Amino acid sequence: MKAKLIVHAAQIATPVGHSAKRGREMDQISLTSDGAVYIEDGVIRETGSTADVLARLNGREKDAELISAEGKCIIPGFVDSHTHFIFAGYRPEEFVNRLAGTSYLSILKQGGGIQSTVKSTRRASFRELYNDGFSRMNSFLSQGVTTLEGKSGYGLDLETELRQLEVMKSLKGNHSCSLVSTYLGGHAIPPEYAGHADDYVSEMLQDVLPVIKGKGLAQFCDVFCEKDVFSIQQSERLLKGASALGFHLKIHADEVNNLGGAGLAARVGAISADHLLMASKSGIRALAASGTVATLLPCTAFCLNEPYADARTMIKENCAVALASDYNPGSCFTNSIPLIIALAVIHMHMSIAEALTALTLNGAAALDCADRTGSVEPGKTADLLFLQFPDYRFLVYNTGINIVEFVMKKGDFVWQREKRV
């Protein structure tokens, strides 16, 4: 692969480091004017001002492909660390019913919600799930997402959960966007186990997780710890069992009710605790003390018309906060990065720098890959976004608009905005 030298970027804006930024550190990003990035074999080797990088290269740039970024800001590729993008069937009627006042959990109890998608996904073929998944990954890429997490959880049986995960494995080898897979069999109680959640947990531990581990189909295990879904005790049993099998852990925590999911995430050493709309002060402090990333999903709160997670308290208490989409067919059918940023800054009162950190380096930390991606610095993969404006603050100033003009993945351009005349 020919080396590449990006020069004269109006600005390079990036967090710096190989692990999650916590508390006040989230607001401390590096800004470089007239910036340059030198890339070899898909990896960033030099960054800094154009003059400084050229001086350090000392003539090596002559063999590199020269790319002008004049007038553009360069930032790291976005990392969406919480999605449910492999599914079949849609649920527009539920969205309308929620607007009319029906609660999310009420819909679930009536056999809708997750259970509705389970029925459709169980009927879907591998090819149907793959084709829809590939198209959705294209949509993520067009938003500037270069690393993506995907969860199973719309099968709730061995056959369909494996099919979802095998689709993701195939997508990993055929799409530009990096993909991290999560097993979420603990998404709901399947109809076959109604009233017998403990038995379903046993089945996942004994019959499902060992197969998934043996086939290398998922890095993480997740669970929806919520009233009338999985209790604290059931969630802890599942997560500890998954950890013993070698899975990293995630948890849907304190979304609708404060069950203590944040505290559980800290106790079991989860990489991330996600949602956290109802997290208590003690739960937030436990996350901060443990280092578990607090992944906030503002589009879900927006779509459900619920209060947002308390990002400011989490940052004040020294948590590492990430932002993600929660793209799914029910509670949050959107993957709009501009909407996430607008909600985080305008309604959750995060600074623009904090939001950038949360969607890049801290998102990478929530997927255990911050050593490889999430920032623009030597040694990291060259996953870069070229914004059409000269300053990263346009991410929220140009409110709700996708301002990504070019996406670079591992040093190659993989998406660019279509120009119309």
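Since the model is a prediction, treat every value here as computed from it, not as a measurement. When a residue number appears, it is its place in the shown sequence, counting from 1.
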* To do: Start with the C-alpha distance between Glu317 and Arg285, add both sets of side-chain angles, then the distance that settles salt bridge (Lys or Arg N to Asp or Glu O under 4.0 Å), and finish with yes or no.
  => CA-CA 6 Å; Glu317 293 292 339; Arg285 287 172 176 164; 3.5 Å; yes
* **Summary of ring pair (Phe, Tyr, Trp, His ring centres under 6.0 Å) pairs that have at least one residue in residues 271-294, sequence neighbours excluded** => His82-His275, His252-His275
* Only pairs at least two apart or in different chains count here, so list each ring pair (Phe, Tyr, Trp, His ring centres under 6.0 Å) that has a residue in residues 341-361. => Tyr308-His347
* To do: Give the intermediate values and the outcome of side chain to side chain contact (heavy atoms under 4.5 Å, CB included) for residues Leu323 and Leu343.
  => CA-CA 10 Å; Leu323 292 166; Leu343 294 175; over 6 Å; no
Are side-chain heavy atoms of [X] and [Y] found at a separation under 4.5 Å?
X      : Y      : answer
Gln164 : Ser181 : no
Ile6   : Met408 : yes
Phe386 : Gln388 : no
Arg45  : Val43  : yes
Met314 : Leu296 : yes
Met204 : Tyr183 : yes
Arg91  : Phe333 : no
Pro76  : Leu361 : no

Which value, rounded to the nearest 0.5 Å, describes the distance between [X] atom [atom1] and [Y] atom [atom2]?
X      : Y      : atom1 : atom2 : result
Thr160 : Arg123 : OG1   : CZ    : 11.0 Å
Ser243 : His248 : OG    : NE2   : 9.0 Å
Ile315 : Ile284 : CD1   : CD1   : 11.0 Å
Cys299 : Ile340 : SG    : CD1   : 4.5 Å
His175 : Ser170 : NE2   : OG    : 12.0 Å
Thr360 : Lys21  : OG1   : NZ    : 11.0 Å

Check: [X] side chain, [Y] main-chain N or O, donor-acceptor pair, under 3.5 Å:
X      : Y      : answer
Thr14  : Ile75  : no
Ser135 : Asn131 : no
Glu161 : Leu156 : yes
Thr121 : Val118 : no
Asp391 : Arg393 : yes
Lys250 : Ala366 : yes
Asp254 : Leu259 : yes
Thr32  : Ser49  : no
Arg122 : Gly155 : yes
Arg163 : Ala124 : yes

* To do: Could you tell me whether Glu354 and Arg312 have a side-chain N and a carboxylate O separated by less than 4.0 Å?
  => yes
* **Pair Lys4 + Asp412, salt bridge at N-O below 4.0 Å** => yes
* **Contacts of type salt bridge (charged side-chain N to carboxylate O under 4.0 Å, His left out), residue Asp222, not counting sequence neighbours** => Lys151
* To do: Please work out whether the ring planes of Tyr200 and Tyr193 are parallel, tilted or perpendicular, with thresholds of 30° and 60°.
  => tilted
* Asked: Parallel under 30°, tilted from 30 to 60°, perpendicular over 60°: which one fits the rings of Phe394 and Tyr397?
  -> perpendicular
* **Identified side chain to side chain donor-acceptor pair (under 3.5 Å) partner of His84 from the options Asp326, Asn328, Thr117, Thr182** => Asp326
* Asked: Cut-off 3.5 Å, side chains only: do Asn335 and Ser139 have a donor facing an acceptor?
  -> yes
Measure across [X] and [Y] and return the closest heavy-atom pair with its distance rounded to 0.1 Å.
X      : Y      : value
Ala301 : Pro307 : CB-O, 3.9 Å
Met168 : Ser152 : CE-N, 3.8 Å
Gly144 : Val404 : CA-CG2, 4.3 Å
Leu297 : Ser325 : CD2-N, 4.4 Å
Leu141 : Val407 : O-CG2, 3.6 Å
Ala324 : Thr295 : CB-CG2, 3.9 Å

Please report, to 0.1 Å, the donor-acceptor pairs under 3.5 Å made by any side chain of residues 371-383, with sequence neighbours excluded.
residue	atom	partner	partner atom	Å
Thr373	OG1	Asp383	OD2	3.1
Ser375	OG	Glu377	OE2	2.6
Ser375	OG	Lys380	NZ	2.6
Glu377	OE2	Gly17	N	2.7
Lys380	NZ	Gly17	O	2.9
Lys380	NZ	Ala370	O	3.0
Lys380	NZ	Thr373	O	3.3
Thr381	OG1	Arg372	O	3.3
Asp383	OD1	Lys410	N	3.0
Asp383	OD2	Lys409	NZ	2.8

For [X], all residues meeting ring pair (Phe, Tyr, Trp, His ring centres under 6.0 Å), sequence neighbours excluded:
X      : value
Tyr38  : none
Tyr154 : His187
Phe230 : none

Please identify each residue that fulfils side chain to side chain contact (heavy atoms under 4.5 Å, CB included) with [X], with sequence neighbours left out.
X      : result
Arg136 : Phe85, Phe87, Tyr90, Asp132, Tyr327
Ala273 : Ile251, Ala253, Ala265, Leu276, Leu287, Thr292
Ala10  : Pro390

* Quick one: which residue pairs count as a salt bridge (Lys or Arg N to Asp or Glu O under 4.0 Å) with a foot in residues 235-244, not counting sequence neighbours? => Glu236-Lys240, Glu236-Arg267
* To do: Only pairs at least two apart or in different chains count here, so list each salt bridge (Lys or Arg N to Asp or Glu O under 4.0 Å) that has a residue in residues 197-216.
  => none
